[in-house]
Structure formats: structure tokens, C-alpha cells
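One structure is given below, encoded as C-alpha cells.
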Amino acid sequence: MAAAPAVLVLLGPTATGKTAVAVDLALRLGGEVISADSRAFFCGLDIVTDKPSDAERRGVPHHLIDCVPIDGSYDAMAFRADVERLVPEIAARRRVPILAGGGTLYLAAVLRGIFEGPGKCEAFRRSLDGVESSELHQRLASVDQAAAAKIHPRDRLRVVRALEVEAASGRPITEWKAEAAPLPFRFETFGLLRDRDEHRAAVEARARAMVERGLVQEVARLRGCGLTPDRQAYRSVGVPEASAYLDGAISRDEMLNEIVRATWALVRRQISWFRAQPAVSWVSAAGRSPADVAGEIAAAWLAGRESA
RNA sequence: GCCGAGGUAGCUCAGCCGGUAGAGCACGGCCCUGAAAAGGCCGGUGUCCCCAGUUCGACUCUGGGCCUCGGCA
């Protein structure tokens with residue numbers, strides 16, 4: 001039996017330079033990039049997600065970018081299935097799979113695992129629409145005490161999900177979760193971090209650059225192609241803000257401030273999530289070029305291969 | 001210069017008919033298992049502009065001063 005494929009994982013919060021480092025790594029190691037960015041799947045969200053241009057990709061194949069229509073949907077389970085398919089394909093080409101991005105649940109589905117129980121059911125969710133959150137939490141407590149204890153009553157999203165799983169399968173979500181397993185690959189995970197002040201400045205610069213490159217025009221165009229507030233892709237940092245500006249609800253400066261704020265909130269959530277991840281080799285990206293960072297990671301990766 | 005309004009948390013402000021103060025936002029920490037760039041939880045000592053007076057006690061009342069913003073000159 002052949003050894004499980006080795007996967008280089010590059011994670012980190014937004015605006016740490018993952019994209020450029022991933023390309024550089026791919027060139028050094030002979031790799032292909034699998035994007036683990038939770039919004040880059042969507043066609044058309046180019047400026048919003050800061051997708052790498054053809055020039056920036058420097059000939060390196062990129063997977064899972066532009067594979068879902070703007071009014072479509074995607075989820076962690078689909079991502080896991082895509083990664084499960086792509087990694088052996090890339091390994092068979094004797095290339096290194098580089099899983100790079102900051103999508104927390106998506107990475108968790110691959111690295112930690114995700115239970116293979118019932119998926120989401122729109123009809124079930126709609127049936128709970130008028131019910132008070134506290135009432136839903138009480139219902140959960142009656143079928144899954146452990147889940148009710150762990151999920152805050154106001155975290156309606158999770159309460160509903162737990163009820164949904166129990167209703168569809170007759171088993172509490174707590175039991176399902178215990179069965180989750182990572183994909184059967186050998187992961188070596190590197191995380192990028194920057195100094196707080198520098199990171200904050202990068203977020204601000206990036207937001208400004210996005211607006212200058214035509215964020216508003218991009219969102220205006222997508223709104224004409226099915227990007228409505230009920231779509232998954234709509235909930236991407238920059239979209240609600242640009243929409244509010246287009247509708248005349250806020251000024252251009254307010255839009256920029258809102259984008260910076262939302263991006264920073266995202267960064268903080270990502271940092272919190274990533275910090276709790278086991279087996280991450282943290283690499284400082286503070287004040288360094290992508291090539292420099294990639295060099296350090298490539299050396300660590302190669303050393304790991306020799307000892308394996 | 002005169003008249004009016006105001007100076008309280010990083011910002012915008014609330015409040016106390018006298019018992020040393022609190023909201024929103026910002027900022028920080030955390031949770032997260034099929035929406036995750038989503039959703040949720042937690043965290044507030046600050047010369048209450050300064051000085052003096054009244055008082056057991058003043059951020060709150062009185063007097064003076066300084067500063068800011070309007071209006072009139």
C-alpha cells in the first residue's frame with residue numbers, strides 16, 4: 001500500500017500574504033495550489049476576494065477558484081470532497097499539493113474532519129422561522145443535553161443546525177460529531193502571522209486598494225447578475241458595504257471604514273481559531289518578502305520529507 | 001467684546017433634585033463540526049476641564065478661571 005499523499009497546508013488570517021507565499025512555494029517545490037479561501041470559489045468576486053491574477057499565479061495551477069456561480073452555494077462538505085479528489089490527482093502528477101487559505105471551517109473539515117450526517121434542509125429551517133430562539137434551545141435540550149449545554153441560546157444558527165441533524169437522523173449532533181475524522185493524508189501545516197500594528201496597516205491598505213481597483217463597480221455589475229442579499233456570496237466582506245454605498249445609504253469614506261472594520265473583525269476571528277489548532281508551525285511574515293517566507297517554509301518542508 | 005450651548009472611557013454621548021459613573025461604537029479575549037469573509041459569548045478606574053466655596057460627603061449645587069462650538073458685534 002502506497003504511503004498517504006503529503007499535503008503542505010498554509011493557513012493564516014487575511015492579509016498576511018498567503019497567496020504570494022503559496023505561489024512561491026509551488027515554484028520551489030513543484031506544487032499546485034488548492035485554494036482554501038472561503039469566498040474565492042465564486043466567479044466574479046475577483047477584487048472582493050483579492051484573487052491572484054494570471055500574472056501573480058506565475059504559471060502555477062490553482063484549484064477551487066472560480067468554480068461556483070455567483071448566485072450558487074458551496075459548503076465545507078463539498079470542499080472536503082473536492083480536496084479528497086484533488087490531492088491524489090496532484091500527487092499522481094508527482095506534484096506537491098499546497099492547501100492555502102484562511103477559511104476556518106473549510107480547513108477544519110479537511111484537517112480535523114467533519115461528520116457525514118444529514119446536510120442542511122431548507123424546508124426544516126423555514127419551519128422554525130417564527131419560533132423564539134429560547135424555545136428552540138429548550139427543544140434542543142430535550143433531545144441533546146450536551147449540545148444544548150455547549151451552544152449559547154442566542155447562537156440560533158447552531159441551535160437550528162443541531163435540531164436539524166437530530167430531526168433528520170434521529171441521532172443527536174453530539175454523537176455525529178464524535179465520528180468526524182480528518183482526510184487520510186499526511187498534513188504538514190504552516191501558519192503565517194504578522195505583527196499586530198503592521199497587520200492592521202496592511203488591512204487598511206488592502207481595503208483602500210480594493211476600492212481603487214474598482215470594488216464598487218465589481219459589486220454593481222454582480223448585483224445585476226444575481227448577487228442578491230439572500231445569496232451566500234453576498235456575505236463577503238466588501239459586498240454589503242459597497243451595496244450600501246451604491247444605494248446611497250453611506251458615503252465612500254464610511255464604506256471604506258466599514259470594510260476595514262469588517263476585515264479586521266474577520267482577522268481576529270481567524271487568529272482566534274487558528275491559535276487553537278494543534279500542530280501548526282508558525283512563521284512570522286512581519287516585514288518579510290513572500291520569497292523569504294516561502295524559503296523558510298520550503299526548507300522546513302523538505303527537511304520533514306527526508307526524515308519521513 | 002457680548003449672548004447662548006457645552007467640556008464625563010480612544011470616539012459620540014447619557015447620567016446623578018449631592019452618596020466617587022454608564023451606553024453605543026472602537027479595541028481586546030474566546031467559542032465554533034454541511035451558511036464560517038457566517039453566527040455567537042465575555043471584558044468599562046475614567047484627573048467626570050481646573051481652582052475655591054457650601055456640605056458628613058460634590059462629577060452633581062454656588063463662585064471664579066481656562067478651553068471648544070454656535071450667534072451677535
Side-chain angles (χ1 to χ4, degrees), chain A residues 11-15 18 35-42 45 47-51 68 72-83 101-122 124-126 133 136-137 144 146-147 149-162 164-165 168-169 172-183 196-197 199-200 203 206-207 210 215 219 229-242 254 257-277:
Chain A
L11 55 75
T14 294
K18 289 186 302 295
S35 169
D37 230 49
S38 57
R39 296 290 136 160
F41 313 113
F42 294 107
L45 287 182
I47 295 171
V48 169
T49 61
D50 207 14
K51 277 178 200 162
V68 180
S73 60
Y74 194 71
D75 62 44
M77 204 62 192
F79 176 74
R80 177 184 161 95
D82 281 332
V83 171
T104 54
L105 181 62
Y106 293 85
L107 286 165
V110 169
L111 300 174
R112 261 196 276 173
I114 190 166
F115 71 90
E116 303 194 24
K120 73 170 172 177
C121 174
E122 293 297 350
F124 179 82
R125 293 180 183 193
R126 271 197 305 277
S133 293
L136 293 178
H137 194 257
D144 188 346
K150 189 160 190 179
I151 304 171
H152 192 278
R154 273 197 283 268
D155 195 350
R156 191 181 176 97
L157 199 78
R158 287 194 172 74
V159 173
V160 169
R161 172 62 184 152
E164 172 180 69
V165 170
S169 67
I173 194 170
T174 303
E175 285 182 24
W176 282 106
K177 285 184 188 176
E179 296 172 5
L183 286 178
R196 228 6 119 94
D197 291 342
H199 199 166
R200 175 74 190 207
V203 165
R206 178 183 141 117
M210 274 165 45
L215 171 80
V219 171
D230 61 322
R231 299 289 89 187
Q232 188 182 354
Y234 191 90
R235 290 191 290 265
S236 307
V237 173
V239 173
E241 294 82 3
E254 285 169 334
N257 288 338
E258 289 300 309
I259 291 173
V260 169
R261 181 165 65 156
T263 305
W264 191 244
L266 164 65
V267 165
R268 297 204 321 114
R269 268 184 274 127
Q270 288 173 311
I271 289 173
S272 178
W273 190 88
F274 291 137
R275 271 201 286 241
Q277 292 316 291

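To find a chain, count down the sequence lines: A is the first, B the second, and so on, and within it residues start at 1.
Separating the CG atom of A/Asp144 from the C1' atom of B/rU33 is a distance of 13 Å, rounded to the nearest angstrom. One can place NZ of A/Lys120 at 8 Å from C1' of B/rG34, the figure rounded to the nearest angstrom. Whole-Å rounding puts the A/Leu45 CG to B/rA35 P distance at 18 Å. For A/Arg275 and B/rC31, the CZ to P distance is 9 Å, given to the nearest whole Å. Rounded to whole Å, the distance from OH on A/Tyr106 to P on B/rA38 is 12 Å. Distance, A/Leu136 CG to B/rG39 P: 18 Å, rounded to whole Å. One atom, CG of A/Leu105, and another, P of B/rG40, lie 16 Å apart when rounded to the nearest Å. For the pair A/Leu266 CG and B/rC30 P, the computed distance is 15 Å after rounding to whole Å.
Here A/Gly238 lies out of heavy-atom contact (under 4.0 Å) with every strand. The residue A/Arg112 sits apart from the nucleic acid: no heavy atom pair falls under 4.0 Å. Looking at heavy-atom distances under 4.0 Å, A/Val239 makes no contact with the nucleic acid at all. Counting any heavy atom pair closer than 4.0 Å across all strands shown, A/Arg261 reaches sugar-phosphate atoms only and no base atom. Heavy atoms of A/Thr49 sit under 4.0 angstrom from at least one base atom.
In this structure, of B/rG34, B/rA36, B/rC31, it is B/rC31 that holds the atom nearest to the side chain of A/Ser272. Picking from B/rG29, B/rG34, B/rA38 the nucleotide with the shortest atom distance to the side chain of A/Val237 gives B/rA38. Checked against B/rA35, B/rU33, B/rC27, the side chain of A/Arg200 finds its nearest nucleotide in B/rC27. Of all nucleotides listed (B/rG34, B/rA38, B/rG40), B/rG40 comes nearest to the side chain of A/Asp155.
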Practice prompt. Could you check A/Ile259 against A/Val237 for side chain to side chain contact (heavy atoms under 4.5 Å, CB included), going step by step and ending with a plain yes or no?
Written response: CA-CA 6 Å; A/Ile259 291 173; A/Val237 173; 4.2 Å; yes
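With both ends at atom P, the span from B/rG15 to B/rG6 equals 11 Å, rounded to whole Å. B/rA21 and B/rC48 have their C1' atoms separated by 8 Å, given to the nearest Å. With P as the reference atom, B/rG28 and B/rA52 are 40 Å apart, rounded to whole Å. Comparing the C1' positions of B/rA14 and B/rG7 gives a spacing of 15 Å, expressed to the nearest Å. Across the C1' atoms, B/rC16 and B/rA36 are found 45 Å apart, a figure rounded to whole Å. Nucleotides B/rC13 and B/rA26 are separated by 14 Å at their C1' atoms, to the nearest Å. The P atoms of B/rC72 and B/rG63 are separated by 28 Å, rounded to the nearest whole Å. Rounded to a whole angstrom, the distance from the P atom of B/rG70 to that of B/rU12 is 15 Å.
Annotation for A/Ala76 and A/Ala109: closest pair O-CB, 3.9 Å, computed over non-hydrogen atoms. Between A/Pro13 and A/Gln270, the shortest heavy-atom contact is CA-OE1, 3.3 Å. Taking all atoms of both residues into account, the shortest heavy-atom contact from A/Tyr234 to A/Pro240 is O-CD, 3.5 Å.
Of the nucleotides present, B/rC13 is the one that pairs with B/rG22 by Watson-Crick or G-U wobble criteria, both distances under 3.5 Å. With both pairing distances under 3.5 Å, B/rA5 is matched to B/rU68 as a Watson-Crick or G-U wobble pair. Remark: B/rA52 base-pairs with B/rU62. Criterion, Watson-Crick or G-U wobble with two distances under 3.5 Å. Remark: B/rG46 base-pairs with no nucleotide in the shown strands. Criterion, Watson-Crick or G-U wobble with two distances under 3.5 Å. The base-pairing partner of B/rA35, taking Watson-Crick or G-U wobble contacts with both distances under 3.5 Å, does not exist among the strands shown.
You'll find the side chain of A/Glu116 reaches within 4.5 Å of the side chain of A/Met77, heavy atoms only. Side-chain contact between A/Ser133 and A/Pro153 is absent, with no heavy atoms from C-beta onward closer than 4.5 Å. Contact check for A/Val83 versus A/Tyr106: no side-chain heavy atoms found under the 4.5 Å cut-off.
Side-chain atoms of A/Arg158 and base atoms of B/rG39 include a donor and an acceptor less than 3.5 Å apart. Donor-acceptor pairing under 3.5 Å, judged by distance alone, is absent between the side chain of A/Arg39 and the base of B/rA38. Donor-acceptor pairing under 3.5 Å, judged by distance alone, is present between the side chain of A/Arg235 and the base of B/rA35. Below the 3.5 angstrom threshold, one finds no donor paired with an acceptor across the side chain of A/Arg269 and the base of B/rA36.
Between A/Arg196 and the phosphate of B/rG28, there is a side-chain N or O to OP1/OP2 separation shorter than 4.0 Å. Using a 4.0 Å cut-off, no side-chain N or O of A/Lys150 falls inside it from OP1 or OP2 of B/rC31. Under 4.0 angstrom from either OP1 or OP2 of B/rC27 there lies no side-chain N or O belonging to A/Arg268. Under 4.0 angstrom from either OP1 or OP2 of B/rA36 there lies at least one side-chain N or O belonging to A/Gln232. Checking the phosphate oxygens (OP1, OP2) of B/rG28, a side-chain nitrogen or oxygen of A/Trp264 falls inside 4.0 Å.
In this structure, A/His137 contributes its side chain and A/Ile151 its backbone to a donor-acceptor pair below 3.5 Å. A/Asp144 contributes a side-chain N or O that, together with a main-chain N or O of A/Ile173, makes up a donor-acceptor pair within less than 3.5 Å.
Residue A/Glu164 forms a salt bridge (charged side-chain N to carboxylate O under 4.0 Å, His left out) with just one option from A/Arg156, A/Arg126, A/Lys120, A/Arg125, and that option is A/Arg125.
Ring geometry for A/Tyr74 against A/Phe79 counts as perpendicular: the plane angle is over 60°, on a 0 to 90° scale with 30° as the lower cut.
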Taking N or O atoms only and anything under 3.5 Å, show me the protein contacts with nucleotides 41-43 of chain B, one pair per line.
| residue | atom | partner | partner atom | Å |
| --- | --- | --- | --- | --- |
| B/rC41 | OP1 | A/Arg154 | NE | 2.5 |

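Residues A/Ala276 and A/Glu116 both approach RNA chain B. Their nearest nucleotides, taken by heavy-atom distance, put A/Ala276 toward the 5′ side. Nearer the 5' end of RNA chain B, as judged by each residue's closest nucleotide, is the contact made by A/Ala180, out of A/Thr104 and A/Ala180.
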